[in-house]
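Here is the naming used below: chain letters follow the sequence lines, and residue numbers restart at 1 for every chain. All values reported here derive from a predicted model rather than from experimental measurement.
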Amino acid sequence: MVNVTLPDGSTLSVGNGTTPIQIAERIDPALAKAAVAARVNGKVVDLSTPIVNNVDVQIVTANDDKGLEIMRHSCAHVMAEAICSIWPATKLVYGPAVEDGFYYDIDLDEPIRPDDFGRIEQKMQEIVAADRPFIRKEMSKIQALAKLAGDRYKLDNIDHADSDIISFYSHGDGFEDLCRGPHVPSTGRVGNFKIMSVAGAYWHGDPTQKMLQRVYGTAWAAKQELDDYLQRLEEAKKRDHRVLGRHLDLFSFNEAGPGFAFIHPKGMIIWNEIVNYWRGVHNRYGYQEIKTPLILNEQLWHKSGHWDNYKENMYFTAFDNVSYAIKPMNCPGGCLVYKTRQHSYREFPMRVAELGLVHRHEASGVIHGLFRVRQFTQDDAHIFCTPQQIESEVIGVIELTFEIYRTFGFEDFHVELSTKPEKHIGSDQVWDIATGALKGALEHKAIAYKINEGEGAFYGPKIDFHIKDCLKRSWQLGTIQLDFSMPERFGLTYTDRDNTEKTPVMIHRAVLGSFERFIGILIEHYAGNLPLWLSPEQVRILPISEKTNDYAGVVQTKLKQAGLRCSCDLSDEKIGAKIARAHGEKLPCMLVVGPKEAQSNTVNVRLRGIQPNKTVPIEEFLEAAKRKIVNKETDFVL
RNA sequence: GCCGAUGUAGCUCAACGGUAGAGCACGGCUUUCGUAAAGCCGGGGUUGAGGGUUCAAAUCCCUCCAUCGGCUCCA
C-alpha cells in the first residue's frame with residue numbers, strides 16, 4: 001500500500017501500482033470523467049501511470065492550463081494521424097501545443113490546401129469517435145535511435161531529448177509517434193477542434209533548412225469555448241486597423257509604394273493631436289527638439305557602424321557621383337548636430353528629441369499595415385550625459401514613458417532587458433557597465449523585467465517597453481538603448497569639471513516607437529472608437545429636417561469657435577439615417593437639433609455607446625466637451 | 001526573402017470557358033421627416049499587370065506585382 005496526498009491535504013491509502021485515473025474514480029466519478037492527466041509530485045503524467053511510492057497527486061482536467069495544453073497536444077497527434085492516413089508520404093516533424101491550440105510541422109511535398117481542412121477534420125472525427133486509448137511505450141535511447149533509423153526529423157528530436165528513456169505514444173490503427181507526453185487517456189478526449197490554417201515554417205526556424213508545412217489547429221474542452229474563440233477572432237478582425245483605417249478614411253496603401261503609408265486628412269488629425277501632446281510632455285521633461293536630414297552621405301554610415309551592421313536594411317541613392325544613404329536611424333544626424341559646437345558638463349544631461357522619418361527595407365513578407373512598414377516616424381531622442389548620470393536619466397525616461405502610456409489608456413505594461421548580441425561593437429567591459437546601469441535603473445524603480453540574452457542592438461544593451469491592449473495582445477513600443485560606441489566613433493566630447501575633454505554617453509530612446517505603428521495600435525485598442533481628444537471629427541450636428549439647418553449652422557459656428565472639430569449633416573435623409581451613418585463613422589458625439597432645440601437654444605446630445613440622450617443648453621455641452629478634451633478623458637458622459 | 005492562398009466598381013461580394021452583376025457608397029430628382037439606414041432614376045469595371053492556350057478567357061496555363069496567413073526578422 002502507498003499513501004497519496006491530495007491537494008486539499010487529505011490522504012488516500014491505495015494499492016501499490018494504482019493509477020491516477022483509479023484515484024480520480026475513488027474521489028468522484030465525475031472527476032474521473034473530466035480528468036486528462038495527473039500531477040504526481042508536481043510532474044505531469046498520464047492517468048495510466050502506476051503509483052509506486054507515497055506521493056502528492058493532483059488530478060488535472062482541461063480546466064487547468066496544463067490540462068488544456070495536454071489536450072491540445074493530443075489533438076495535434078490525432079491530426080497527425082489524420083494527415084498521415086490521407087497523405088501516407090507525410091513525415092512528421094514536431095507538433096506542440098501553442099496558445100489557443102496547436103500545430104504540427106510536417107514534411108510533405110504535396111501542399112495541403114485550405115480546401116483539405118474539411119476532410120482532415122472529418123478523418124479526425126472518425127479517430128475521435130473510435131475513442132482509442134493513447135498507449136505509452138518506453139525504451140532506451142539506443143533502442144529508439146535504432147527504431148527510427150532513417151527518420152532524420154525524429155532522430156533529431158531524440159537528440160534534443162534530455163532523458164535517456166525515450167517514449168512513444170500510439171493510438172488507433174498502428175499510428176505511433178515519438179513523444180514525451182503526457183497525453184489524454186483516449187482519442188475521444190481531445191476536445192472540440194478546428195483546423196485553422198497552413199503555412200510554411202523552416203525546420204528549426206532556420207532559413208537555410210527545408211521549408212516544412214505547419215498546419216495550425218485550435219482545440220477547446222467545450223464546444224461553447226471553441227465557438228467563443230472563433231467569435232473572438234471575428235471581433236479581432238473587425239478591429240483590424242487595416243480594415244478600420246480604410247473604413248474611417250484614415251490612411252491607405254498603394255502598390256506604388258509597398259510598406260509606405262499614405263496618411264489621409266482624418267489620420268493626420270490623430271497624428272497631430274498625438275504630436276502636440278507628445279511635445280508638451282517632452283517639454284515638461286526638459287527635452288529640446290531638432291530635425292536632421294533624410295539623406296546623408298554614405299561615408300557617415302560607415303563611420304557610425306550602420307554600414308557593417310545594418311546595410312541590408314538600408315536604402316541608397318546617388319547623385320553627382322556621390323553615394324548617399326536614406327537614414328534608417330536618426331542618431332548619426334543627432335551626433336552631427338552635437339558636434340557643431342563645444343559642450344560642457346554643465347549642459348548635461350542634454351536631452352535632444354527628434355521626430356525622425358526613417359526608412360528601413362523590411363523583407364516583403366513581413367510588411368503588415370501600419371504595424372510593420374518601410375518608412376516610419378520615430379519619436380526618437382538622444383540623451384548626452386556623463387556615466388554617472390545614466391541611471392537617473394534612464395529612470396527619467398521610464399517615468400516619462402509610463403506617463404505617456406497611461407494617457408492613452410494603456411495600464412498593463414512590462415519591460416524586457418536585452419543583452420549583448422553576437423554581432424556587436426565595443427568591448428565586453430563597456431557592455432557590462434552599460435547593462436549594469438540599465439539593471440540598476442529598473443531595480444531602483446522596482447520594475448520587474450525579463451532578460452533577453454543576446455538580443456541587444458549592435459551598439460549597446462537595451463530596455464524595451466511592451467504594452468497590452470484591451471484584447472490582451474502585447475506590443476513593443478518604447479525602447480532605451482545605451483550607446484558608448486557612437487560618441488566615440490563620431491569623436492563627440494565635452495569639457496568636464498576638471499577641464500579635460502571626455503566622451504559623453506549617448507542614450508537612444510523612443511517612447512511610442514513608431515507613430516505609424518502606434519496609431520495602428522490605438523485604432524485596434526479602441527476598436528476605432530477614439531476618445532474625444534483624438535477623434536478626427538468630434539461632434540456632428542444632425543438637423544431633424546431642412547427646417548433646422550439654419551439653427552444647426554448656428555450651433556456649428558459656436559462649436560468651431562470653441563475649437564471643436566465638427567460638421568453638420570445637411571443631407572435630406574431622415575434623422576435615423578443620419579444617426580446610423582454617424583455611428584458607422586464612429587463619431588463620439590452627435591447633436592440632434594429640431595424645432596424644439598432651436599426654440600430653446602439647446603442640443604439633444606447623443607453620445608457613442610451611451611443611452612439615454614440628454615437635452616442641454618449649447619453652452620453646457622460645450623463646457624463639458626472642452627473639459628473632456630483638455631483632460632484627454634477616454635469616456636464621455638454628460 | 002521563403003511556403004501557401006487571394007487579387008472582379010470606392011467598399012463588401014456574385015458570375016467560375018459563351019454579352020461582367022448586386023448591395024452599400026457616389027450624382028440627380030421626389031420626400032422635410034424626432035433618434036441605428038425612405039423612394040425613384042443615373043454614372044461608374046481593358047476583371048492587379050504582361051504573355052500564352054482557345055472560335056471564345058474574369059474563368060485554364062506561365063511570368064511578374066500587390067495583398068492575406070505563417071516562417072525568419074523587427075519599431
Any donor-acceptor N/O pair, [X] side chain to [Y] backbone, under 3.5 Å:
| X | Y | value |
| --- | --- | --- |
| A:Asn452 | A:Glu455 | no |
| A:Lys578 | A:Asp569 | yes |
| A:Glu597 | A:Gly594 | yes |
| A:Thr419 | A:Gly454 | yes |
| A:Arg517 | A:Arg372 | no |

Check each residue of [range] for a non-hydrogen atom within less than 4.0 Å of any atom in RNA chain B, then write out the ones that pass by number, or none.
| range | result |
| --- | --- |
| residues 89-116 of chain A | A:Pro111, A:Arg113 |
| residues 597-604 of chain A | A:Glu597, A:Asn604 |
| residues 540-548 of chain A | A:Ile544, A:Ser545, A:Glu546, A:Lys547 |

Quick one: which protein N/O atoms are closer than 3.5 Å to N/O atoms of nucleotides 41-44 of chain B? Pair and distance per line, please.
none

Item to check | A:Arg214 charged N/C atom sitting above A:Tyr103 aromatic ring, 6.0 Å / 45° | outcome: yes
Next on the checklist: According to side-chain contact (heavy atoms from CB on, under 4.5 Å), who are the partners of A:Ala434, at least two apart in sequence or on a separate chain?
Outcome noted: A:Pro461, A:Leu482, A:Phe484
Item to check | With A:Gln213 via side chain to side chain donor-acceptor pair (under 3.5 Å) - residues at least two apart | outcome: none
Item to check | Residues forming a side chain to side chain donor-acceptor pair (under 3.5 Å) with A:Asp107, sequence neighbours excluded | outcome: A:Tyr153, A:Lys210
Next on the checklist: Distance check, C1' atoms only: B:G69 and B:U53, in whole angstrom units.
Outcome noted: 32 Å
Ring-plane angle category for [X] and [Y], please: parallel below 30°, perpendicular beyond 60°, tilted otherwise.
| X | Y | result |
| --- | --- | --- |
| A:His382 | A:His508 | perpendicular |
| A:His368 | A:Phe371 | parallel |
| A:His424 | A:Trp431 | perpendicular |
| A:Tyr315 | A:Phe260 | tilted |
| A:Phe410 | A:His525 | tilted |

Checklist outcome for this item: The dot-bracket string of RNA chain B, counting Watson-Crick and G-U wobble pairs with both distances under 3.5 Å, using [ ] for crossing pairs and | for pairs to another strand, is (((((((..((((....[..)))).(((((.......))))).....(((((..]....))))))))))))....
I'd like to know if [X] pairs up with [Y] as an ion pair, taking the criterion as any Lys NZ or Arg NE/NH1/NH2 lying under 4.0 Å from an Asp or Glu carboxylate oxygen.
| X | Y | answer |
| --- | --- | --- |
| A:Lys291 | A:Glu354 | no |
| A:Lys238 | A:Glu235 | yes |
| A:Arg242 | A:Asp240 | yes |

Next on the checklist: So that I know where these two stand, are A:Phe465 and A:Phe413 an aromatic pair - ring centroids less than 6.0 Å apart?
Outcome noted: no
Checklist entry - Just by protein heavy atoms under 4.0 Å, how would nucleotides 70-75 of chain B read 5' to 3' in B, S and -? => result BBBBBB
Checklist entry - Out of curiosity, A:Thr615 OG1 to A:Lys596 NZ, how far, rounded to the nearest 0.5 Å? => result 7.0 Å
Checklist outcome for this item: Of A:Arg242 and A:Ile575, the one whose nearest nucleotide on RNA chain B sits closer to the 5' end is A:Ile575
Checklist entry - Across the strands shown, which category fits A:Lys596 at heavy-atom distances under 4.0 angstrom: base, sugar-phosphate, nothing? => result base
What protein N or O atoms touch nucleotides 8-13 of chain B N or O atoms at under 3.5 angstrom, if any, and at what distances?
from, atom 1, to, atom 2, distance (Å)
B:U12, OP1, A:Arg246, NH1, 3.1

Output side-chain donor-acceptor pairs under 3.5 Å for residues 86-93 of chain A, partner residues at least two apart or in another chain, one line each.
from, atom 1, to, atom 2, distance (Å)
A:Trp87, NE1, A:Glu110, OE1, 3.4
A:Trp87, NE1, A:Glu110, OE2, 3.3
A:Thr90, OG1, A:Trp87, O, 2.5

Where do N or O atoms of nucleotides 23-29 of chain B meet protein N or O atoms at under 3.5 Å, pair by pair?
none

